[in-house]
Each structure stands twice: as structure tokens, then as C-alpha cells.
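Atom set for the values below is all heavy atoms of this structure, side chains included, hydrogens, waters and symmetry mates excluded. Computed from a prediction, not measured in an experiment: that's the story for all the values here.
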There are 2 protein chains.
Amino acid sequence: MRASQFHISTLKEAPSDAEVISQKLMLRAGMIRKVAAGIYNYMPMGLRSIRKVEAIIREELNRAGAIELVMPLVQPAELWQETGRWDKMGPELLRLKDRHERDFALQPTSEEVVTDIARQELKSYRQLPKNFYQIQTKFRDERRPRFGVMRGREFVMKDGYSFDRDEAAAGVSYDRMYAAYGRIFERLGLTYRAVAADTGAIGGDRSHEFQVIADTGEDALVYCPTSDYAANIELAEAVSLLPGRVSPTAALEKAPTPGKERCEDVAGLLGLPLAQTVKSLVLATEETDEAGRVVKTTVWLLLVRGDHELNEVKAGKVEGLKAGFRFATEAEILEHFGCKPGYLGPIGLKKPVRIVADRTVADMGNFVCGANEADFHYTGVNWGRDLPEPELVADLRNVVEGDPSPDGKGVLAIQRGIEVGHVFYLGTKYSKAMNATFLAEDGKPRHFEMGCYGIGVTRIVGAAIEQNNDERGIIWPNAIAPFEVVLCPVGWSKSEAVRAEAEKLYEALLAAGIDVILDDRDERPGVMFADWELIGVPHRVTIGDRGLKDGVVEYQGRRDTEASKLAPADIAAHVIARCRG
Amino acid sequence: MRASQFHISTLKEAPSDAEVISQKLMLRAGMIRKVAAGIYNYMPMGLRSIRKVEAIIREELNRAGAIELVMPLVQPAELWQETGRWDKMGPELLRLKDRHERDFALQPTSEEVVTDIARQELKSYRQLPKNFYQIQTKFRDERRPRFGVMRGREFVMKDGYSFDRDEAAAGVSYDRMYAAYGRIFERLGLTYRAVAADTGAIGGDRSHEFQVIADTGEDALVYCPTSDYAANIELAEAVSLLPGRVSPTAALEKAPTPGKERCEDVAGLLGLPLAQTVKSLVLATEETDEAGRVVKTTVWLLLVRGDHELNEVKAGKVEGLKAGFRFATEAEILEHFGCKPGYLGPIGLKKPVRIVADRTVADMGNFVCGANEADFHYTGVNWGRDLPEPELVADLRNVVEGDPSPDGKGVLAIQRGIEVGHVFYLGTKYSKAMNATFLAEDGKPRHFEMGCYGIGVTRIVGAAIEQNNDERGIIWPNAIAPFEVVLCPVGWSKSEAVRAEAEKLYEALLAAGIDVILDDRDERPGVMFADWELIGVPHRVTIGDRGLKDGVVEYQGRRDTEASKLAPADIAAHVIARCRG
């Protein structure tokens, strides 16, 4: 490509509403332009990277036996009604009516349509396994679209769905996709981590997120540097930090803690370690009658150590809380604890409360907790002696750096990540809802065992930038750079020698299959360098009269601090080697 | 590709609502599956052809200097309001509201968004010309979607837009796209014709349709086999079929023609050639006041020869009819002609009527027309003698086969076509409406001169089938076949020799870059042949034990009536030559 034939449109400043670095850099580099909130034009520069991401995904999925198709963006309500998602999904499912007032939705994913395909097309176990995928525009009407392509409303996503005869076969399909995803992210040139993720109501252990590592990521990833363990913090198992129940050594005492509502403040006031305090969190669950009226409310007290955080996904797995919970109201708290929040604890309750202790809390002794009396805490609290053993013990907290790995093979570390892929075992959730069956080997109809597999194509582009940038701009991995190499001739219009050398190198690189752009805009070197460093092209060659007189041209990798000088005869081979290495 | 790894799903019968052959064959061949009216899944088999069409379009447009980007499917109302199309367009523009009740439309094309890009990105004449295109999902809420992908609601279209500094430069951009379209349709392997088309209010002669020739096409294409002349019948100029005004030789007479309202019946009754009769068509135009009330109605009588058809597009170009017309009501006809339709003519009017004669009619003499009296026609009518010369003479009729070519270089022929591409000079229609300007060389702002260029990607697939099919199924041009070659091993599971020979050929063809599918489904030959003839793969090789014993395998082109026998050692080269030739 010649720059004069392309559209290069860099900005000195990002628009003021751009929030994160990838969004700012994509706007400044002319990769995207905003059309409406969360809706972007993919400009020529941005589209090149998007297409390269798509091509890598497509190649690896095809290699793994997945089959590409395209399902429509505008999907009829009837299919969504079959699974109940038409009613269950919130306004992020954008619903619309056609000219005949029939209901449709814009696809955020396509479980319904693909399951409809399977029940029409896959009649026999002989046709299984099948894995269909599409790379297609999606729409999700986010309440607050933000971060450019990272959380847009219209975006490009790869969504794939596997159909299998039984759970064992579905596991094979799952593993195959897991492996393909690994190859995809390797080829994209991104530092990533596959982490176990929550499976929600489906259960089982077949849900993994593929996370691009970036300090700016929204997700916390837990891993063990000395083993294979890796999980989203939502899921990562927290073990007890104590080897067993601590024996009582201190007497139960009520200590005045006026105005100290947070564990940190109580510990500070009392001169005790924060790890000796216990935090009280009060939840409520409700039972309703057929008309939806609340007939019974149960109040729960969840206890985690003062320096730990409640993990709500884990709380939702406690027997009794699985059907859903909310935080208790102040009135409910007063009614059950006889005290306002800040001084709550498990001793001296006004009304029955179900108590769940985190594993570590259950092993603690001589601890500090609220006294259910304003401005007072108990110290020296011991289970069994000062209050009954906790009714339930469960993993309730987020792990923290340094926790023992649940596999016993080291200690845990945490890093931030951006979720760009997800593989998920669906079981028969959709096939049962839509009565999608095939004839099994025994001649009887059986529901498909399904898996779903997503990759956020446009999101990968944003995540790659979050992971790879500096003060000058983007630093692309070679595989998904809009161009691999830029040639910057200095004095394009003035020097015949520069033009000739640049053209020669341009042709040589093209012939080698390198995606090169020749900057023939006749701009000053400073303008060219700033543009291409902002755009983030990984390899740059500068050709100028001065260098040519000395028999050299300059090569600089985007991460290099200095240029290296090479003889014109050697430059093509050097650049090709750098691109391929 | 191996058939066992792909999804092959042929049907014996097309669904009963399928109307045209391409729709039936695409459904039967498993290329598409209906999701809702005019909304289809592009199944794996169909998607392969669609992607091949896209790739050819992309390559040729890039070669012609066009730059790919992607504009969103969901577009904000504000841009459409700027050009007035938000209000002007009918319900085929599908409007929707997001969760915040803001108005959006699904893109049927993207003139507004691309003009918005231009006014933000193209500041100077130095950045021109620019030509942006996208290959992207479109939505048009057709009142009556039909014909499968030929007139769907959701479809894939390439739409491109050029921006130029002046009309001369816009002409260069137009010509470049015209040439690129020619190369695209050549490479697609389709028999096509570029025809001049109506430019509507824009005017000028820069509008061409690219039509795939097919007897089932909706458009009539007029061309001169001995010259370059080609135009859509809407536009094709009809000259007078007479060398000049015919001299009066017959007397004006009133002939009883009871119940004969059609020219054919009148001519038959009177024993005169149909070409001696004149057909009367009555139109009306209205003038309205500021409140939109009709203040004046003018009635028009348009005259075409009895064997000719009125061309409404041409009628709309007559001075006085340009602002729009309608057919007159029966009341208006009675009021002005004193007679019901069927016996109308230009002689003896009750009230003033504006008379427009087609060019041929203006040259006729001694002709037959209605007498404005039920059950009577005049014969021997002559202009000037029996009635005044026509107020206006214009080209009003559709050309017919055998008409002289307007370029004087032969006679016209007509064939049917399916419009799959359109190049159109827009001028400043959109740039003025959206005030999209650049700084011209003189430092003053100037509106972009624009062109727009569309290709119906999914429609091409349908049109290719309309053009290329037989009683057994589709006959793909090589370039856009889902697979170029199919290998049919007879007795796959039984014969080691067959498997070995098939695998060897498969590998050889893959290595040569041939898109080959190996049918390893272990089906009987009859099933395989029926499937692949229906699917329309252009080249087939059958490998069986019986042939191998005689030292032969069979090659059959999809259009061949018989298979040819070749030695296994020669087959790869033969197939490769056939694919490339």
C-alpha cells in the first residue's frame, strides 16, 4: 500500500469523552470514528487490524473442524420466546418491530437461531459432532457504552456452538475449542491467560475465560506461578488461612469503639491486627407465594475476616442463597440485630439469623466483631465458647495475593485482565428449551449437548492496545498490525535516489509477502515518525539522502530505543527476518 | 475439505413458498435456510460462494484505489434527518429506538454516514479523490420480500462512495469504478451487460446498471448487437419508426367498433395492421397551494402506437410531467373526453387536454384512434388535417426488438437481466444537504462531487444460479463455486485402493491451491452424484475399484454430458487445467 492511496488521519488529541488508553489511541490513530454512543465506523486503518484478527480466528477454527456460517442480525422474536430469553433479557436485547409490526431483536449472540438450525439439520447421531461458528456484527444495547470498542453497542464477535451426542463427546468438543483458542491468542501475539470461570446454573467445571493481561483490565485473574492453577477471582477458591481452629486464649470483652464502624478503624483503635477482626455482612432472602407476594423473609449474616472481601458469586452458591439474595435493609438489620450497621456481629441477636462463616473465620479464635450495640465491639470472641459454632462454613471471600493455591502447589498471584474469549459448556439448556433432538444410536430422540464459544473480535483490537502501548502510541504485535512495516523516505519529492531506493525495498517486501506501506505523502520526517509511532507499525525503515551517501538506511523496531543502520543491500532481508521472528 | 468435516444438507424438494429457481436450488442445495420472511441463514455451503464473491470484489476495488472501511448497521436518525431521507423514505427504512428512546435506522445504504466521514476527515483538495467502500450487512424492510436472496430484507451489499474536487474528477472516479465493475463481473464468470440507466433528478449520463443476463430477470435490457449501445428499457431511446410524416391518403371516417376497447381488437375488427392504431393514455397533474390543497388539475393525453407500451419513466421527463403525475380518474376522463376509456382519442374533446404524441405517432398518417364516443373509432386520421399538430412530441414508449439503435449503428435486441450492480454519479446532492465541504485550491470551501457504487453480494449468488442451472441443479462458474472440485470415491469404506487413490489426488489438488472437497461420507454413487450436481460443483472425479482395475478414473465437468476416462497419473493435471482454463 502507498500512503497516498490510503486514508491516514491522525489526531493530536483524543476527543474529550474518550476514557481509556485504547479508545484514545484508536481515535488518535484514525482507526475508529464515533457515529453514536457505542457505535463506531471502523476506519480503513482500524479495519485492517480487525480483518487480521478475523483471519487468524477463522484459520484456527477451521483447522479445529468448526464450520463457518452466518446467522442474521435481525432475528424473529418467536425463537427468543421459545427459550424465554425474549422476556428474561433486559433492554440490552434491542427489540424492534418491522413494517408489519412483527417483533424482532438484534442478535447479541445466536443460541436460539443455531439451535433452530440444529433441530432442523442434524437428525442423527451420525451427523455429530458439529460445531458452527460465525464472525458477524452483534448488537448489545449497553446502558452505558464506554471504552470505545471495548464495550460498544455494535461490535464484531465470533460466536460458535457445538452439538454433541453426550456429555463426554461435548467435553471433547470443549477441549478442542479450548486448545484452538490457545492457538488463536498465541498467533495474535498477545500475552493472555485462560482462567476457570463461573458456570452459574449450568454447573460443572467447563467454563474458561481467555483474558488478555493488562493493568487496565476490569477482571482480576488469580493464578499460581508454580502450577497450572488459574481462575477468575469470581471463582478462585479461597482456602482457610489458618491451619485449624485457633484455641481460646483471651476472655470475651466488650470494648468501646465510638464512631469506628470499619474493621480497619476498630483494629487501629484497639491496637490489634486487622486479621483479628471479623466483618459482618447482612443479606436477605425471600419466599413468595404464587402471586409473587413475599410471604417470608430470612436474614443472613455472612462473616469474612476484616481484611477480606465478600465474593458475591460465591455467596450465591451457599445452600439457601442460590435462588437469589439481596442486601438487607436498615430496618431489617435493626429488627434482627437491634443495632445499626457498623457494630454488627453474631452475638446477642434479637431475632434468628442464619450465620455463614467464611472458612478462615470459622478457624479464627480470640477475634473481634461488632457487639450489636452502637459504638461497641467484642474482643476475644471464640466459637463454641461465646457463641454457637457457625451454622454454615463456606468459601465466601475473594482470594488475595499470597493465599495458598487451592491445588496446594504454591501461593497465588493476581493480575488484571480483559476478557476477550469465553468457552462454555451449555449442556442441554437450549436444546431442551427448544426441544432440539437427534436420533441417538438406540433410535431414540435425545437432546443435543451443547457448548458455546465466543471471541470479541473488535474487543481484541482494543485489548491488544491496552496491553501494548507507550507514550508515543500503539505498539502492535506483528500479526495484527494494520501494516507490518512502514517505509519513510525523507525528501520523497526532492530526491530521485531516495525514491528509487524506497521503491526497490517496497517491491522486495511486497514480493516477500510483507504487509508494507510506503509513506509517499512527502511529509517531514517528524510528521511521518509521529504518525507511524502513534499508529504503532512494528517496523520502520527510514531512507534519506544523507544516509544513502554513507551507504546506509535506518531500521527501527517500534520498541527499539535507537535505530540501527544497515546497508541498503541488507535491509530487505533484515526486515523480513524481523517480521517473521 | 472433507465432506465428513463439513455440513452437507440437501433437500429433495424445495419448501413450497420458494418462487424462483435460484431460491429453490439454494434451499435444496443447503446454501440458505429461512429464518423469517426475507431473512436467511447463510449456511456453510452458501457462505463459501458469498465469500468468494466478496473476495473478488475486494481485490478489484482495492486495485482500483478504493479503500475499505465498515460503517455501522445501526445508524442514528440525526444524520438521516440532515438529508431529509428520515422523513422521505418509506417503511423500507427500518426505524427503531434504543433503550433511551433515541431514534436509529438500520442501514439500507450509507450515504449519510459516509458524507459525515468526508466532512470530518477530508479537509483539503489535496486529500482528493477518495473512494470509500464497505462490504456489510444491509437491511431493507421490503413490503414483500421474495425470491430468496434476490430480494431479501437482510442482505450483504458492497456500497462505495467517491469524493472528488469537481465534476471532471468525479467523472474519472466514475469511469474507474465502471471499469472495475467490468473486471469484477468478468472474474465472477457471469454473462453480464452494463447498461445505461435512468439518472432521475440528478441528470447527466452517468448511471449504469450491471445486469446479469437471465431469462428470469426482472429488467429488460436493450442493446445493439452491432454497436456498444446498451441501456435499461426504462432509459433506452426509441426513435420514430417512420422516415417522416406519412401523407394523408385516406379520408377521416367514424367506424363502429362495438365492445372493442383494445387496439388489438379494433385492428382485428377493421382488418388493419395494429401498427396503424394509436393508443390513448390519460394522465393528470395537480397544482397545490401552500396548505397542500389541489388548486388546479391538468389532464394529459399521451399517444403511443397500438403495438407500443407507454414508458412511465420517459413520461416523467416530459416538460410539465416532471414534478409527478398520476393516471386520470374515470370522472376526469368523462369530464374531458365525454366518453369512457376504451374509445378515447385526440379528436372532439369536451375540455382542453394537453396532448403529447410519441415520436412514431407524430409521424403517422391515416391512423386509427378512439372517437370519444362509446363503441366508435376514427380511421384515416391525419395530423394537421383532422386535428391540430400535437402540442408536444416526445419519446414516450418502450423500445421493441428490431427498433433502430439510437446510435444509428444497427437494430436493437432485448434480453432480460438481473440488476446486481449500479454505478451512479450523485453530484452534490448529499454534500450540499449535509454541508460537506473541503478547501479547494483557491482556499474556498467547496462541496464534494460524489458518486455511489453498489454491488449486491448475496444477490449475485442468486443471479449466478438464475443464469446457470439445469434440471439437475446449479452449475457454478468456477470462481464462485462453493468448491471447485469434488472427489467421489465409490466404496470409501470398503476399498483401500480407492481410498489411497482419492487421498493422493486430494493432496495433489490441495497442493495446487484447488478448492477441493473429498466426499468421504461413504454414500452410494447415486447419492453423491445427485448431491454434487444439485450443489453444482463444476468438476467431479469419480474413483472406483472397477475403474482402477482398468487403470482409469472418471472426470466429468458439470456441463459435460459424459464422463471422460483418464489414467490416475494424469488426472490431477487434467483437473487443474480445467479449473484454471
Side-chain angles (χ1 to χ4, degrees), chain A residues 1 5-7 9 30 33 35-48 50-51 62 65 67-76 78-79 90-92 94-100 102 104 106 113-114 116-117 120-122 127 130 132 134 136-137 139 141-143 153-154 156, chain B residues 1 5-7 9 30 33 35-48 50-51 62 65 67-76 78-79 90-92 94-100 102 104 106 113-114 116-117 120-122 127 130 132 134 136-137 139 141-143 153-154 156:
Chain A
M1 181 66 72
Q5 305 290 309
F6 196 61
H7 181 61
S9 174
R33 290 289 178 256
V35 181
I39 299 177
Y40 290 87
N41 290 315
Y42 304 138
M43 298 297 288
M45 191 69 78
L47 188 61
R48 292 181 75 89
I50 292 171
R51 294 278 191 243
N62 291 351
I67 307 172
E68 190 176 6
L69 46 63
V70 168
M71 293 175 276
L73 189 80
V74 178
Q75 303 189 345
E78 290 73 18
L79 290 174
E92 69 274 13
L94 188 56
R95 296 157 177 92
L96 59 148
K97 285 180 187 293
D98 74 359
R99 64 192 292 158
H100 301 298
R102 282 186 293 246
F104 289 84
L106 297 187
V113 171
V114 81
D116 184 52
I117 289 174
Q120 291 185 53
E121 299 270 319
L122 306 178
Q127 292 172 275
K130 272 276 164 11
F132 293 121
Q134 62 175 347
Q136 164 72 318
T137 302
F139 200 90
D141 199 5
E142 298 276 356
R143 193 166 61 88
R153 294 201 284 177
E154 185 169 323
V156 179
Chain B
M1 180 66 70
Q5 305 289 309
F6 195 62
H7 181 62
S9 174
R33 289 290 177 256
V35 181
I39 298 177
Y40 290 88
N41 289 317
Y42 304 137
M43 298 297 288
M45 192 68 81
L47 188 61
R48 293 182 73 90
I50 292 170
R51 294 277 191 244
N62 291 351
I67 306 171
E68 190 174 7
L69 46 63
V70 167
M71 293 174 277
L73 188 79
V74 178
Q75 304 189 343
E78 289 73 19
L79 291 174
E92 68 274 13
L94 187 55
R95 296 158 177 91
L96 59 148
K97 285 181 188 291
D98 74 0
R99 65 192 291 158
H100 302 297
R102 282 185 295 246
F104 289 84
L106 297 187
V113 171
V114 81
D116 184 51
I117 289 174
Q120 292 184 53
E121 299 269 318
L122 306 177
Q127 293 171 275
K130 272 278 161 16
F132 293 120
Q134 62 175 347
Q136 165 69 320
T137 302
F139 200 91
D141 200 6
E142 297 276 356
R143 193 166 62 86
R153 294 200 285 177
E154 185 169 323
V156 179

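Counting heavy atoms from C-beta on, the side chains of B:Arg51 and A:Val70 come closer than 4.5 Å. Contact annotation: the side chain of A:Gln75 never approaches that of B:Ile39 to less than 4.5 Å [non-hydrogen atoms, C-beta and beyond]. Using a 4.5 Å heavy-atom threshold, the side chains of B:Val113 and A:Asn41 count as touching.
The greatest number of non-hydrogen atom pairs below 4.5 Å with chain B, out of A:Met43, A:Gln120, A:Arg143, is found for A:Arg143. Among A:Thr137, A:Asp98, A:Asp116, the residue making the largest number of heavy-atom pairs under 4.5 Å with chain B is A:Asp98. Chain B forms the most heavy-atom pairs under 4.5 Å with one residue out of A:Arg153, A:His100, A:Lys97, and that residue is A:Arg153. Interface remark: of the candidates A:Ile117, A:Leu122, A:Val156, A:Ile117 forms the most heavy-atom pairs closer than 4.5 Å to chain B. Comparing B:Val35, B:Val74, B:Leu94 by how many heavy-atom pairs each has under 4.5 Å with chain A, the most go to B:Val74. Top candidate by heavy-atom pairs under 4.5 Å with chain A, chosen from B:Pro76, B:Gly65, B:Gly90, is B:Pro76.
With a threshold of 4.5 angstrom between heavy atoms, B:Phe132 approaches chain A through side-chain atoms but not through N, CA, C or O. B:Leu106 touches chain A through its side chain: at least one heavy atom from C-beta onward sits under 4.5 Å away, while N, CA, C and O do not. In this structure, chain B has a heavy atom under 4.5 Å from the backbone of A:Glu142, while its side chain stays farther away. For B:Glu154, the part sitting under 4.5 Å from any heavy atom of chain A is the side chain, from C-beta outward, and nothing else.
B:Glu68 places no side-chain N or O within 3.5 Å of a backbone atom of A:Leu47 that could act as its donor or acceptor partner. Although no hydrogens or angles enter the test, the distance criterion places a donor-acceptor pair under 3.5 Å between the side chain of A:Arg99 and the main chain of B:Asp141.
Across all non-hydrogen atoms, the minimal contact from A:Pro72 to B:Tyr40 is CD-O, 3.8 Å.
Here CE of B:Met1 is found 7.0 Å from CD1 of A:Ile67. Values are rounded to the nearest 0.5 Å. Distance check, rounded to the nearest 0.5 Å: CG of A:Asn62 to CD of B:Gln5 gives 11.0 Å. Note that CZ of B:Phe139 is 7.5 Å distant from CG of A:Leu96, once rounded to the nearest 0.5 Å.
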